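The structure under discussion appears below in the form of C-alpha cells.
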Protein chains: 2
Amino acid sequence: MPQNPIVKALIAEQLVSDPASARGRLLHEAARLFREKGYERTTVRDLAAAVGIQSGSLFHHFRSKEDILKAVMVETIRLNTALMRAAAEQCATPLDKLRALVRAELESINGQTGEAMAVLVYEWRSLSQAAQTEVLELRDIYEALWLSVLQQLAAQGQLTADPFITRRMLTGALSWTVTWYRPERGGLTLDGLTDEVLRMLGLNAE
Amino acid sequence: MPQNPIVKALIAEQLVSDPASARGRLLHEAARLFREKGYERTTVRDLAAAVGIQSGSLFHHFRSKEDILKAVMVETIRLNTALMRAAAEQCATPLDKLRALVRAELESINGQTGEAMAVLVYEWRSLSQAAQTEVLELRDIYEALWLSVLQQLAAQGQLTADPFITRRMLTGALSWTVTWYRPERGGLTLDGLTDEVLRMLGLNAE
DNA sequence: GTCTATACATAGATAGAC
DNA sequence: GTCTATCTATGTATAGAC
C-alpha cells in the first residue's frame, strides 16, 4: 500500500489499481514485459506466468490481451497527471513549475512507473482505434498542464522558442532518457539530469 | 536511379540496394509497413503483397523475416552516415556543421528515408542479439560524427551543456518529430524547424 | 524467380470441472 | 478464481513444379 497520499486517493477512487491487488500486480508485470519485449512479442502465457497463474485464468480478469494494454496506459496517465499537477501546484514561479514538471516526468519515466510510461510512448500503434481515442482524451489533459506552464514562461520572455514546439522537443528528449539514463550506475542524479535539461533550454543560468 | 552522387556511389559499391531493384523496392515497402504497423504486426504475406508477389517467393530474396528488418536498418545507417558526413564536410565552423547535421537528420527522419529511420529507432528490440551487435557497430560511426562536432562547440564555449547528454537529448527530440511534424500542412519548413532546434540549444542568437 | 501447397509452431481465447 | 484441455486462426518457413 503506497504512502503517497495522491496515489492513495486515486486508489480509493478506483481510478488506478492497488499495486497489491491481483489486477495491480498483473498490470505492473504487463508493463514490464511490454516494455522489455514489446506488446506483440509478449504472449498471454508470458503474462500469466509472470503472476503465477495459467493463461486461461487471465481472461477472468480481462476480456482480451488488448484490454490489458489499454488498462496499463489509462492508469499510467491518470497516475502521472495527478502527480504532475501536484508537483506544479507547489511552485510559485513558472520557472519553478517547469523544473517540477521536468523532474516529475523524468521520475515517471525512469522510476517505478518507467516501464508503463515507455509502453505509453512506444506501443501506441498496438491499440485499436477506439482505445486510442479514449487514451488520447486523457493525454490531452496531461499535455495542457505542460503548455500552460510553457506559455507563462514565454509571456514573461524567459522562453524564446515556441511553447508547442518546445513541449514536443521535450517529450522526445525526456522519453528517450529511458534508453540511456542509468542512475544506479552512479554519475548523474535525477536532479542533475533535470538541471541539464533546463540548461539546454537556456533556462538555468538566467 | 537517384541523382545524388553520394547515393549513387553507395549503390555502385553495393553498400545499399538500388531502389529500382527488386530488393530495393522490397526494403522500401518493408520500412513503410514496419513503421506503420510495427515489425511484429507485419506479416510476410503483407510484405509480399506490397511488392506484388506471393509470400513463399520472399524467401528467395531473404533467408528470414528478421533478415529483412536487419537489411532495412543496415542500409539506412550506411546511407545516412554518408549523407551526414558529406553535409558536415561542406561547412567551415562547428556551429555550421551542427546546423548541417541537425538539418540532415531532420531530413532523414521526415523525408524519403523517414520510415526506415523510425524503424531503426523503434524496432530495435525485434532484432536478435547478434544482429543488434552488427547494427550497433555501424551506429557508433554515425554517433562519432555528432560527438566530434558537439565537442568542438563545447571547446569553443558555445555549448555549455555536456556534449554526450546534448546528443542524447537531440536524438530523442529529433526522432520524435516523426510523430508530429507535418511539413506538407504548411507552417514550419525544415529550415524553420532546424532553427527552432538550434534556438532551443541557445545556439542561434549568439 | 515466382507459383501453389503445405508443414509446423504458436498465438489468443473459450469451456467446463473443481 | 484457477485449473486443464482444447478450439481455431494465423504466423514463418519449406518443397517442388513451372
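First the proteins, then the strands, lettered A, B, ... as listed; each starts at 1. Since we're looking at a predicted model, the values are computed, not measured. Scope of the values below: all heavy atoms of this structure, side chains included, with no hydrogens, waters or symmetry mates.
Where G56(A) and D46(A) meet DNA chain C, the nucleotide closest to each residue was compared, and D46(A) sits on the side nearer the 5' end.
Other residues, nucleotides and ligands contribute more than 12 heavy atoms inside 6.0 Å of the CZ atom of R167(B). Within 6.0 Å of atom CZ in R63(A), 12 or fewer heavy atoms from other residues, nucleotides or ligands are found, so the atom counts as exposed in its surroundings. Counting heavy-atom neighbours within 6.0 Å of R85(B) CZ, excluding the residue itself, gives a total of 12 or less.
If you measure from atom CZ of R45(B) to atom C1' of dT12(D), you get 8 Å, rounded to the nearest angstrom. Atom CZ in R41(A) sits about 13 Å away from atom C1' in dT12(D), given to the nearest Å. Between the CG atom of L58(B) and the P atom of dG11(D) there is a distance of 14 Å, rounded to whole Å. As a whole-Å value, the separation of E40(B) CD from dT12(D) C1' is 12 Å.
Where DNA chain C meets chain B (any atom under 4.0 Å from a heavy atom), the bounding nucleotides read 5' to 3' are dG1(C) to dT4(C).
With no hydrogens or angles considered, a side-chain donor-acceptor pair links E66(B) and S128(B) at under 3.5 Å. In summary, the side chains of Q152(A) and S148(A) do present a donor paired with an acceptor at a separation below 3.5 Å, with no hydrogens or angles considered.
Between F34(A) and Y39(A), the two ring planes are perpendicular [angle over 60°; tilted spans 30° to 60°].
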